[in-house]
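I have placed the structure first, in the form of structure tokens, so that the comments after it can refer back to it.
On a predicted model such as this, the values are computed, not experimentally measured, just so you know. Along the sequence shown, the residues carry numbers beginning at 1.
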Amino acid sequence: MTSFGPVASFYDELMQGVPYRMWVGYYLLLLSHQGVRPKRLLDVCCGTGTLSEMLTDEGFHVEGFDLSAPMIDEARRKASARGLPIRYECMDAAELAMGKTYEGAFSFFDSLNYITDPQRLQLALTKISEHLEPRGTFVFDLNTAYAFEAKMFDQKLLNPRAKLRYNWKGDWDPESRIIRVDMTFWRGNEEVHETHVQRAHSDEEVRAMLEQAGFRQVRAFHSYTLNPPRYKSDRVHYVAVKP
């Protein structure tokens, strides 16, 4: 079973309740907090491109990439329908090669948790750093071990009147820090299965990787605030600056 394959065609429908505009506002707040205002941005693991489109509407020049070809196909379709000149590429973050540099990069909604091999995550962070200009800022979020321990991935919506129904069940292994989430979706008479696997990278690991990738001034926040993370933070946002 794959991640972000069959679900791509109805991913935006699934995400209708997600506060994307609040995410954009928070991203702009974090940029302001760092005293920067980049114009050219790289959307890391962009999915179907919703944030890329919103930031384009805000006046930024955004390009994005994602490992999932079906998600990139959907992102391209949406941008074309709106006449937005957003470049999207199907690419592995650990092998990133966009052929240019950017003033800022961002990755939202725990995309980097899907890189479960720490060595691959290190490669990805290094590649992102190489794609940033001096003083470039990388903003990203991660699910924490607490989110997995608290079974936040165990979710279901089985109302027979709902257009899209789903049942998710997570299997968390604290030793490996990996969770496997088996997902079933029903859309009309169609049944779709996906398996998503994430790793809870520790704060110490993340900071060491960012430093090795060449980032400095690393700051972490309890997500959607300017407060430091706490024990029960289920999501943490990082801001890292390339010298």
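When all heavy atoms of Leu31 and Pro38 are compared, the closest pair comes out as CD1-CD, 3.9 Å. The heavy-atom pair separating Ala105 from Ile128 by the smallest distance is CB-CG2, 4.2 Å.
Leu226 pairs by the side chain to side chain contact (heavy atoms under 4.5 Å, CB included) definition with Leu29, Leu30, His33, Phe221, not counting sequence neighbours. Applying the side chain to side chain contact (heavy atoms under 4.5 Å, CB included) criterion to Ser68, with sequence neighbours excluded, gives Phe4, Asp66, Pro70, Met71. Listed by chain and number, the residues in a side chain to side chain contact (heavy atoms under 4.5 Å, CB included) with Thr101 are Glu133 (sequence neighbours excluded). Residues satisfying the ring pair (Phe, Tyr, Trp, His ring centres under 6.0 Å) test with Tyr166, not counting sequence neighbours, are Trp168. With sequence neighbours excluded, the residues that form a side-chain hydrogen bond (donor to acceptor under 3.5 Å, both in side chains) with Arg77 are Glu74. Arg216 meets the side-chain hydrogen bond (donor to acceptor under 3.5 Å, both in side chains) test with no other residue; sequence neighbours excluded. For His201, the side-chain hydrogen bond (donor to acceptor under 3.5 Å, both in side chains) test picks out Arg199, with sequence neighbours left out. Looking at residues two or more places apart in sequence or on another chain, you find a side-chain hydrogen bond (donor to acceptor under 3.5 Å, both in side chains) between Arg187 and Glu13. Among residues two or more places apart in sequence or in another chain, the ring pair (Phe, Tyr, Trp, His ring centres under 6.0 Å) test is passed with Phe215 by none. By the side chain to side chain contact (heavy atoms under 4.5 Å, CB included) test, Lys169 pairs with Asp154, sequence neighbours left out.
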Glu103/Lys39 under salt bridge (Lys or Arg N to Asp or Glu O under 4.0 Å): CA gap, chis, key distance, verdict: CA-CA 7 Å; Glu103 296 173 334; Lys39 288 295 184 183; over 6 Å; no
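Met209 has its side chain within reach of Pro118: a pair of non-hydrogen atoms, C-beta onward, lies under 4.5 Å apart.
Of the N and O atoms on the side chains of Asp182 and Thr195, at least one donor lies less than 3.5 Å from an acceptor on the other residue. Side-chain contact check for His196 and Gln198: no donor-acceptor pair (N or O, by modelled atom type) lies under 3.5 Å. Checked by atom type, the side-chain pair Ser52/Asp43 shows a donor-acceptor distance below 3.5 Å.
With values rounded to the nearest 0.5 angstrom, Thr144 atom OG1 is found 8.5 Å from Asn113 atom CG. Taking CG from Leu164 and CD from Glu190, the interatomic distance works out to 9.5 Å, rounded to the nearest 0.5 Å. Considering CZ of Phe60 and CG of Leu28, their distance stands at 5.0 Å, rounded to 0.5 Å. Atom CZ of Arg180 and atom OG1 of Thr116 lie 12.0 Å apart (nearest 0.5 Å).
Pairs of residues two or more places apart, or lying in two chains, that qualify as ring pair (Phe, Tyr, Trp, His ring centres under 6.0 Å) and include a residue from residues 70-106 are Tyr27-Phe106. The list of salt bridge (Lys or Arg N to Asp or Glu O under 4.0 Å) pairs with a residue in residues 158-168, not counting sequence neighbours, is empty.
Connection of Tyr146 to Phe140 is not established within any shared hydrophobic cluster, with ILVMFWY side chains joined at heavy-atom distances below 4.5 Å, either directly or through further cluster members. In the hydrophobic clustering of this structure, Tyr11 groups with Tyr114; members are Ile, Leu, Val, Met, Phe, Trp, Tyr whose side-chain heavy atoms approach within less than 4.5 Å, directly or through other members.
Each of Val36, Leu132, Thr137 was evaluated against Val241; a single residue qualifies, Thr137, per the side chain to side chain contact (heavy atoms under 4.5 Å, CB included) test.
The number of heavy-atom neighbours closer than 6.0 Å to CZ of Arg120, taken from other residues, nucleotides and ligands shown, is above 12. Counting non-hydrogen atoms of neighbouring residues, nucleotides and ligands closer than 6.0 angstrom, the CD atom of Gln119 reaches no more than 12 such neighbours.
Aromatic rings from Tyr26 and His237 are positioned such that their centres are separated by under 6.0 Å.
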